[in-house]
Amino acid sequence: MKITDAYVIVTCPARNFVTLKIRTDEGVYGIGDATLNGRELAVASYLTDHVIPCLIGRDPHDIEDIWQYLYKGAYWRRGPVTMSAIAAVDTALWDIKAKVAGLPLYQLLGGKSRNGVMVYAHANGQTVDDAMNQVQHYVDQGYKAIRIQAGVPGLKGVYGVAKGINYEPATRGLPAESAWSTEAYLDFAPTLFAAARDRFGWDLHLLHDVHHRLTPIEAARLGKALEPYRLFWMEDPTPAENQESFRLIRQHTTTPLAVGEVFNTIWDAKDLIQNQLIDYIRTTVVHAGGITHLRRIANLAELYQIRTGSHGATDLSPVCMGAALHFDLWVPNFGIQERMVHEDVTESVFPHAYSFDQGYMHPGEAPGHGVDIDEAEAAKYPYQPAYLPVARLTDGTLWNW
Ligand SMILES: O=C(O)C(=O)C[C@H](O)[C@H](O)CO
Ligand SMILES: [Mg+2]
């Protein structure tokens, strides 16, 4: 079997997505997600100009060799652009292999380890009451786990809080600016979870994303303050470039920690995992070199009883979601999967076999990863330049968004 051609489809049904399609001489094709929020065209060019020419004529079954060829062969290793491009190729090749086998992808990984994949929803609101009403909305849909974010009194445009119903951080045009005050946030955050436990009791898993905003000692303080509300996890409490920072947080709190949505290789997570400084690894298919590399990260994490909790915001396309759900159904040390529902127009471009029922998702039984792209629909929505926001402290200092 041979790869005959491959091309990139950039489309903007509600938001931008980059998709790689690989075709073979036997008529079977595979697709992979290559979306890197706010830097989409860099990955599209990396694929079109540098990767696709190296794929033509290769046997699509040689997934491992092609992965090594693209990783070691580039000489310039790691980084989000490189690893998203490799992920797209890898996902498309697993899709092809599973289609040829006539099996859903999870069967090739080792079969199912569970009946369904527990997912968490995003509840948010400008006020605590608004956020609680959204929690109720997701409880009514059967969710067992809910992330809660709310506006901080006195701050405009806080991370995770929607202007309308659904939160979408990327905005058209140049980056939006939002304000940040650690002092205001630290005083407010525990009251949000006190309200949630008061109204919803203890059966619900509650999650929270700090989105890299705190210093290690501030994160330690927040972790301690949240302990009475027994969170499922506190996510990205401090930036993780310096993995050692997490030791300080760990020394002070038993609130479980989740990190890794911005990681792109096992090397970004290695010290955190081996020193048992986190509880959940958030890395997902598209940003970490595909199924092939994510499997290595999960296997390392398993040795230290660290579980997976894959990133699943709206910028992870349905193609990534489909592949991640196959991975989640198989991976022995599964924790949870994030789910932000895509807009209807996105779903119309990406028909998929996965489904949701009572807080659990299932990848479906279609051969491959079960997600396709309708290219005629995709062509109706051309790329729109959009960026993630930046955050500034109240005195104007640029901060971590
Ligand atoms: O879903 C999350 O936990 C996020 O932090 C969402 C990110 O801000 C978003 O995916 C960035 O592209
Ligand atoms: Mg996050």
Side-chain angles (χ1 to χ4, degrees), residues 3-23 29-56 58 60 66-67 69-71 73-96 168-175 261-262 264-265 284-293 311 313-324 342-343 345-346 349-350 369 371-388:
I3 295 172
T4 49
D5 72 327
Y7 52 94
V8 174
I9 302 150
V10 181
T11 177
C12 187
R15 67 164 349 282
N16 290 315
F17 294 108
V18 179
T19 309
L20 174 70
K21 184 163 183 173
I22 298 181
R23 297 200 293 200
Y29 65 87
I31 61 170
D33 181 22
T35 309
L36 185 61
N37 208 359
R39 296 291 186 271
E40 294 87 359
L41 299 184
V43 189
S45 161
Y46 192 102
L47 281 165
T48 305
D49 299 324
H50 304 292
V51 170
I52 289 173
C54 303
L55 296 177
I56 310 306
R58 289 181 189 279
I66 291 174
W67 197 95
Y69 185 89
L70 294 176
Y71 184 79
Y75 185 63
W76 310 108
R77 299 183 184 192
R78 308 167 60 183
V81 174
T82 300
M83 298 311 289
S84 300
I86 295 177
V89 174
D90 188 78
T91 306
L93 296 181
W94 278 105
D95 192 24
I96 290 171
E168 168 54 65
T171 49
R172 304 268 164 95
L174 294 174
E261 68 182 37
V262 300
N264 32 76
T265 69
T284 193
V285 178
V286 58
H287 297 141
I291 298 276
T292 298
H293 195 64
H311 189 198
T314 41
D315 48 303
L316 293 308
S317 94
V319 181
C320 178
M321 188 60 164
H342 288 112
E343 301 279 342
V345 63
T346 303
V349 169
F350 296 98
H369 56 49
V371 186
D372 209 339
I373 182 162
D374 180 331
E375 292 180 60
E377 272 303 294
K380 293 183 191 164
Y381 307 102
Y383 169 76
Q384 305 284 335
Y387 285 93
L388 287 170

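As a basis for the values below, the full set of heavy atoms in this structure was taken, side chains included, without hydrogen atoms, waters or symmetry mates. In this text, all values refer to a predicted model and were calculated from it rather than measured experimentally. Position 1 is the first residue of the sequence, and the numbers go up from there.
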NE2 on His293 to CG on Asp90, rounded to 0.5 Å: 10.5 Å
Shortest non-hydrogen contact between Gly290 and Ala87, atoms and distance: N-CB, 3.2 Å
Value rounded to 0.5 Å, distance of CD1 in Ile66 from SG in Cys54: 10.5 Å
Audit row: Val349, Lys380, side-chain contact (heavy atoms from CB on, under 4.5 Å) steps and yes/no: CA-CA 10 Å; Val349 169; Lys380 293 183 191 164; over 6 Å; no
Heavy-atom side-chain proximity of Leu36 to Val81 below 4.5 angstrom: yes
Taking every non-hydrogen atom, the tightest pair across Arg15 and Ala170: NH2-CB, 3.6 Å
Arg39, CZ atom: more than 12 neighbouring heavy atoms under 6.0 Å: no
Heavy-atom side-chain contact between Ile52 and Leu20 under 4.5 Å: yes
pair Cys12-Arg172: side-chain heavy atoms closer than 4.5 Å: yes
Atom pair CZ/CD1 of Arg23 and Ile56 - distance to nearest 0.5 Å: 10.0 Å
Rounded distance [0.5 Å steps], CG in Leu316 versus OG1 in Thr35: 8.0 Å
Side-chain (Glu377) to main-chain (Glu375) donor-acceptor, under 3.5 angstrom: no
Full working for side-chain contact (heavy atoms from CB on, under 4.5 Å) between Val319 and Val285: CA-CA 10 Å; Val319 181; Val285 178; over 6 Å; no
Interatomic spacing from OG1 in Thr82 to CG in Leu47 - rounded to 0.5 Å: 10.0 Å
Side-chain (Asn16) to main-chain (Tyr383) donor-acceptor, under 3.5 angstrom: no
Parallel, tilted or perpendicular, as decided by the 30° and 60° cut-offs, for the rings of Tyr71 and Trp67: parallel
Main-chain N/O of Met83 paired with Asn264 side-chain donor or acceptor, under 3.5 Å: no
Donor-acceptor under 3.5 Å (Thr346 side chain, Pro13 main chain): yes
Closest heavy-atom pair and its distance - Val371, Gly322: CG2-CA, 3.7 Å
Heavy-atom donor-acceptor pair, His342 side chain to Thr314 backbone, under 3.5 Å: yes
Contact check, side chains of His311 and Val286, non-hydrogen atoms, under 4.5 Å: no
Parallel, tilted or perpendicular, as decided by the 30° and 60° cut-offs, for the rings of Phe17 and Phe350: perpendicular
Qualifying residue for side-chain contact (heavy atoms from CB on, under 4.5 Å) with Tyr29, from Ile22, Asp372, Ile96: Asp372
Exam field: side chain Thr19 to backbone Asp33, donor-acceptor pair closer than 3.5 Å: no
From CG (Leu93) to CD1 (Ile31), nearest 0.5 Å: 13.0 Å
